[in-house]
Number of protein chains: 2
Amino acid sequence: MKKKLVKFVKDRRKMLGLTQEELAEKAGVGLRFIRDLEQGKETLRMDKVNQVLALFGHELLPVETKKLSDE
Amino acid sequence: MKKKLVKFVKDRRKMLGLTQEELAEKAGVGLRFIRDLEQGKETLRMDKVNQVLALFGHELLPVETKKLSDE
DNA sequence: TGTTTTTATACCCGAAAAGGTATAATATTG
DNA sequence: CAATATTATACCTTTTCGGGTATAAAAACA
(Lines give C-alpha, C1' and ligand atoms only; values in the text may rest on other atoms or scores of the structure.)
Protein backbone atom coordinates (compact mmCIF):
# COMPACT_ATOMS: atom_id res chain seq x y z
CA MET A 1 0.00 0.00 0.00
CA LYS A 2 1.05 3.53 -0.70
CA LYS A 3 1.83 6.52 1.39
CA LYS A 4 2.71 9.41 -0.80
CA LEU A 5 2.61 11.84 2.08
CA VAL A 6 4.99 9.74 4.15
CA LYS A 7 7.43 9.35 1.31
CA PHE A 8 7.25 13.02 0.52
CA VAL A 9 8.08 14.14 4.04
CA LYS A 10 10.85 11.61 4.55
CA ASP A 11 12.46 12.42 1.23
CA ARG A 12 12.30 16.15 1.69
CA ARG A 13 13.61 16.00 5.21
CA LYS A 14 16.60 13.91 4.24
CA MET A 15 17.09 16.08 1.20
CA LEU A 16 17.69 18.95 3.60
CA GLY A 17 19.79 16.82 5.91
CA LEU A 18 17.49 17.29 8.86
CA THR A 19 16.75 14.91 11.72
CA GLN A 20 13.16 14.35 12.82
CA GLU A 21 13.95 16.47 15.84
CA GLU A 22 15.18 19.39 13.76
CA LEU A 23 12.22 19.18 11.45
CA ALA A 24 9.85 19.15 14.39
CA GLU A 25 11.41 22.26 15.81
CA LYS A 26 11.44 24.13 12.52
CA ALA A 27 7.83 23.22 11.84
CA GLY A 28 6.72 24.10 15.32
CA VAL A 29 5.26 20.70 16.08
CA GLY A 30 6.21 18.01 18.55
CA LEU A 31 8.74 15.36 17.77
CA ARG A 32 6.04 12.77 18.33
CA PHE A 33 3.99 14.28 15.57
CA ILE A 34 6.79 13.98 13.03
CA ARG A 35 7.31 10.39 14.07
CA ASP A 36 3.61 9.57 13.74
CA LEU A 37 3.51 11.28 10.38
CA GLU A 38 6.50 9.42 8.98
CA GLN A 39 5.09 6.21 10.40
CA GLY A 40 1.96 6.57 8.31
CA LYS A 41 -0.56 7.53 10.93
CA GLU A 42 -3.61 8.86 9.14
CA THR A 43 -5.59 10.37 11.97
CA LEU A 44 -3.45 13.46 12.03
CA ARG A 45 -4.62 17.01 12.21
CA MET A 46 -4.65 18.64 8.82
CA ASP A 47 -3.31 21.96 10.05
CA LYS A 48 -0.31 20.34 11.74
CA VAL A 49 0.55 18.41 8.60
CA ASN A 50 0.33 21.66 6.68
CA GLN A 51 2.72 23.30 9.12
CA VAL A 52 5.27 20.68 8.17
CA LEU A 53 4.57 20.80 4.44
CA ALA A 54 4.88 24.57 4.47
CA LEU A 55 8.60 24.17 5.17
CA PHE A 56 8.83 22.43 1.82
CA GLY A 57 6.63 24.93 0.01
CA HIS A 58 3.74 22.51 -0.14
CA GLU A 59 0.26 22.08 1.29
CA LEU A 60 -2.49 19.47 1.45
CA LEU A 61 -4.99 19.81 -1.37
CA PRO A 62 -7.59 17.58 -3.01
CA VAL A 63 -6.01 15.63 -5.82
CA GLU A 64 -7.72 13.19 -8.11
CA THR A 65 -7.19 9.66 -6.93
CA LYS A 66 -5.99 7.52 -9.75
CA LYS A 67 -5.78 4.10 -8.27
CA LEU A 68 -5.48 1.87 -11.28
CA SER A 69 -3.92 -1.25 -9.83
CA ASP A 70 -1.15 -0.33 -7.43
CA GLU A 71 1.95 1.81 -7.02
CA MET B 1 -7.91 34.52 1.80
CA LYS B 2 -8.35 31.26 0.01
CA LYS B 3 -9.85 27.96 0.84
CA LYS B 4 -9.48 25.60 -2.03
CA LEU B 5 -10.60 22.65 0.01
CA VAL B 6 -13.77 24.40 1.13
CA LYS B 7 -14.64 25.46 -2.36
CA PHE B 8 -13.94 22.03 -3.71
CA VAL B 9 -16.23 20.25 -1.28
CA LYS B 10 -19.06 22.74 -1.60
CA ASP B 11 -18.92 22.71 -5.36
CA ARG B 12 -18.78 18.95 -5.65
CA ARG B 13 -21.56 18.44 -3.17
CA LYS B 14 -23.89 20.81 -4.96
CA MET B 15 -22.84 19.36 -8.26
CA LEU B 16 -24.29 16.08 -7.04
CA GLY B 17 -27.34 17.76 -5.58
CA LEU B 18 -26.61 16.59 -2.04
CA THR B 19 -27.38 18.29 1.24
CA GLN B 20 -24.74 18.45 3.96
CA GLU B 21 -26.69 15.80 5.79
CA GLU B 22 -26.70 13.43 2.83
CA LEU B 23 -23.01 13.99 2.23
CA ALA B 24 -22.25 13.31 5.87
CA GLU B 25 -24.12 10.04 5.78
CA LYS B 26 -22.54 8.89 2.55
CA ALA B 27 -19.07 9.77 3.79
CA GLY B 28 -19.63 8.15 7.15
CA VAL B 29 -18.86 11.26 9.14
CA GLY B 30 -20.97 13.43 11.37
CA LEU B 31 -23.03 16.28 10.04
CA ARG B 32 -21.09 18.62 12.27
CA PHE B 33 -17.89 17.59 10.56
CA ILE B 34 -19.21 18.51 7.13
CA ARG B 35 -20.36 21.84 8.49
CA ASP B 36 -16.96 22.56 10.08
CA LEU B 37 -15.23 21.54 6.90
CA GLU B 38 -17.33 23.77 4.67
CA GLN B 39 -16.89 26.56 7.18
CA GLY B 40 -13.15 26.50 6.75
CA LYS B 41 -12.06 24.89 9.98
CA GLU B 42 -8.48 23.79 9.59
CA THR B 43 -7.95 21.66 12.64
CA LEU B 44 -9.70 18.71 11.08
CA ARG B 45 -8.58 15.15 11.05
CA MET B 46 -6.92 14.24 7.79
CA ASP B 47 -8.50 10.80 7.55
CA LYS B 48 -12.01 12.20 7.98
CA VAL B 49 -11.43 14.76 5.26
CA ASN B 50 -10.18 11.96 3.04
CA GLN B 51 -13.34 9.98 3.71
CA VAL B 52 -15.30 12.87 2.26
CA LEU B 53 -12.97 13.48 -0.66
CA ALA B 54 -13.06 9.80 -1.55
CA LEU B 55 -16.70 10.24 -2.56
CA PHE B 56 -15.47 12.62 -5.21
CA GLY B 57 -12.56 10.45 -6.29
CA HIS B 58 -10.04 12.71 -4.59
CA GLU B 59 -7.63 12.66 -1.66
CA LEU B 60 -5.40 15.04 0.25
CA LEU B 61 -1.87 15.15 -1.10
CA PRO B 62 1.07 17.54 -0.88
CA VAL B 63 0.87 20.10 -3.65
CA GLU B 64 3.32 22.88 -4.34
CA THR B 65 2.12 26.11 -2.86
CA LYS B 66 2.20 28.84 -5.42
CA LYS B 67 1.23 31.92 -3.56
CA LEU B 68 2.19 34.67 -5.96
CA SER B 69 0.05 37.58 -4.86
CA ASP B 70 -3.51 36.47 -4.21
CA GLU B 71 -6.51 34.79 -5.75
C1' DT C 1 33.63 -4.23 17.20
C1' DG C 2 31.80 -0.61 20.61
C1' DT C 3 30.02 4.31 20.72
C1' DT C 4 27.03 7.69 19.39
C1' DT C 5 23.32 9.36 16.81
C1' DT C 6 18.88 8.74 15.02
C1' DT C 7 14.54 6.54 14.86
C1' DA C 8 10.71 3.59 16.81
C1' DT C 9 7.44 2.28 20.82
C1' DA C 10 5.12 2.86 25.02
C1' DC C 11 2.90 5.44 28.82
C1' DC C 12 0.64 9.56 30.86
C1' DC C 13 -2.00 13.87 30.73
C1' DG C 14 -4.30 18.05 29.11
C1' DA C 15 -6.57 20.02 25.24
C1' DA C 16 -9.58 19.80 21.69
C1' DA C 17 -11.85 17.29 17.69
C1' DA C 18 -15.96 14.68 16.51
C1' DG C 19 -20.53 13.78 17.17
C1' DG C 20 -25.18 14.52 18.95
C1' DT C 21 -28.75 17.71 19.85
C1' DA C 22 -31.09 22.10 19.89
C1' DT C 23 -31.91 26.46 18.04
C1' DA C 24 -31.00 30.57 15.02
C1' DA C 25 -30.32 32.27 10.68
C1' DT C 26 -30.73 31.75 5.55
C1' DA C 27 -32.48 29.87 1.32
C1' DT C 28 -35.81 27.86 -1.15
C1' DT C 29 -40.36 27.27 -2.64
C1' DG C 30 -45.40 27.65 -2.67
C1' DC D 1 -45.66 37.07 1.76
C1' DA D 2 -45.80 32.34 4.66
C1' DA D 3 -44.11 27.52 4.99
C1' DT D 4 -40.44 24.49 4.38
C1' DA D 5 -35.84 22.99 3.77
C1' DT D 6 -31.14 23.81 4.34
C1' DT D 7 -27.32 25.74 6.61
C1' DA D 8 -24.97 28.10 10.64
C1' DT D 9 -23.97 28.44 15.82
C1' DA D 10 -23.88 26.98 20.41
C1' DC D 11 -23.63 23.65 24.27
C1' DC D 12 -22.29 19.19 26.13
C1' DT D 13 -19.95 14.54 26.33
C1' DT D 14 -16.84 11.15 24.79
C1' DT D 15 -12.86 10.01 22.50
C1' DT D 16 -8.30 10.64 21.12
C1' DC D 17 -4.69 13.49 19.21
C1' DG D 18 -0.51 15.99 20.38
C1' DG D 19 3.21 16.68 23.36
C1' DG D 20 6.39 15.30 26.89
C1' DT D 21 9.20 11.78 28.70
C1' DA D 22 11.50 7.31 28.93
C1' DT D 23 13.29 3.33 26.81
C1' DA D 24 14.28 0.09 23.13
C1' DA D 25 15.71 -0.69 18.51
C1' DA D 26 18.26 0.44 14.53
C1' DA D 27 21.73 3.20 11.85
C1' DA D 28 25.76 5.64 11.32
C1' DC D 29 30.38 5.95 12.34
C1' DA D 30 34.88 5.49 14.88
Side-chain angles (χ1 to χ4, degrees), chain A residues 1-67 69-71, chain B residues 1-67 69-71:
Chain A
M1 199 242 177
K2 289 242 240 61
K3 281 291 158 48
K4 279 193 178 175
L5 177 59
V6 170
K7 182 168 174 24
F8 180 83
V9 172
K10 280 187 180 173
D11 287 354
R12 287 288 178 138
R13 175 173 65 79
K14 290 172 183 170
M15 214 171 282
L16 299 182
L18 299 175
T19 63
Q20 293 178 337
E21 200 166 14
E22 293 168 329
L23 178 59
E25 186 174 28
K26 277 178 179 277
V29 301
L31 173 55
R32 268 272 321 279
F33 184 84
I34 298 294
R35 296 213 199 292
D36 287 345
L37 171 52
E38 293 198 0
Q39 225 55 29
K41 186 174 181 182
E42 309 204 344
T43 60
L44 297 170
R45 262 174 51 181
M46 201 175 53
D47 62 320
K48 297 280 178 184
V49 176
N50 277 324
Q51 272 181 242
V52 176
L53 295 183
L55 291 180
F56 309 135
H58 283 62
E59 62 185 322
L60 287 179
L61 285 181
V63 176
E64 193 171 7
T65 306
K66 43 166 182 281
K67 251 215 186 95
S69 74
D70 192 20
E71 208 283 329
Chain B
M1 200 244 177
K2 291 243 237 56
K3 280 291 159 46
K4 281 193 177 175
L5 177 60
V6 170
K7 182 168 174 26
F8 180 82
V9 173
K10 280 187 180 174
D11 288 354
R12 287 288 179 138
R13 177 173 64 79
K14 290 171 184 171
M15 214 171 281
L16 300 182
L18 299 175
T19 64
Q20 293 178 337
E21 198 166 15
E22 292 167 330
L23 178 58
E25 187 175 28
K26 277 177 180 279
V29 302
L31 172 56
R32 270 277 319 280
F33 184 84
I34 298 293
R35 296 212 198 293
D36 288 345
L37 171 51
E38 292 199 0
Q39 225 55 29
K41 185 175 181 180
E42 309 204 341
T43 59
L44 298 170
R45 261 174 51 180
M46 201 174 54
D47 62 321
K48 297 281 178 183
V49 175
N50 277 324
Q51 274 181 240
V52 176
L53 295 183
L55 291 180
F56 309 134
H58 283 62
E59 63 185 322
L60 286 179
L61 286 181
V63 176
E64 194 171 8
T65 305
K66 43 165 184 282
K67 255 219 183 90
S69 73
D70 192 20
E71 204 287 329

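Proteins get letters first, then strands, A, B, ... in listed order; numbering begins at 1 in each.
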[atom1] of [X] versus [atom2] of [N]: gap in Å, rounded?
X	N	atom1	atom2	result
A/M46	C/dA18	CE	C1'	14 Å
B/D36	D/dT9	CG	P	10 Å
A/E42	C/dA17	CD	P	20 Å
B/K48	D/dT16	NZ	C1'	11 Å
A/L31	D/dT21	CG	C1'	11 Å
B/E25	C/dG20	CD	P	11 Å
B/L37	D/dT9	CG	C1'	17 Å
A/F33	D/dG20	CZ	P	13 Å

So if I take every side-chain heavy atom of [X] and compare against [options], which nucleotide ends up nearest?
X	options	answer
A/R13	D/dG19, D/dT7, C/dT7	C/dT7
A/V29	D/dC17, D/dG19, C/dG19	D/dG19
A/R35	C/dT9, C/dG19, D/dG18	C/dT9
B/R32	C/dA8, C/dA18, D/dA8	C/dA18

Answer yes or no: does a side-chain N or O of [X] lie under 4.0 Å from OP1 or OP2 of [N]?
X	N	value
A/Q20	C/dT5	no
A/Q39	C/dT9	yes
B/K10	D/dT7	no
A/K41	D/dC17	yes
B/T43	C/dA17	yes

Spacing of A/L61 atom CG and B/L61 atom CG [to the nearest 0.5 Å] |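 Here the interatomic distance stands at 9.5 Å.
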
Side-chain (A/N50) to main-chain (A/L60) donor-acceptor, under 3.5 angstrom =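 Checked: pair present.
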
On a plain distance test, is the side chain of B/R45 in donor-acceptor contact with the base of C/dA17 below 3.5 Å?
->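 Between C/dA17 and B/R45, which were checked side chain against base, a qualifying N/O pair under 3.5 Å is absent.
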
In terms of ring plane angle, is the pair B/F56 and B/F8 parallel, tilted or perpendicular, where the classes change at 30° and 60°?
->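 Plane angle over 60°, so perpendicular.
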
If you look at every heavy atom in B/V6 and B/G40, which pair is closest and at what distance?
->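 Nearest pair, atom of B/V6 first, then B/G40: CG2-CA, 3.6 Å.
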
So which pairs with a foot in residues 17-28 of chain B pass salt bridge (charged side-chain N to carboxylate O under 4.0 Å, His left out), sequence neighbours left out?
->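 Pairs touching residues 17-28 of chain B that pass the test: none.
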
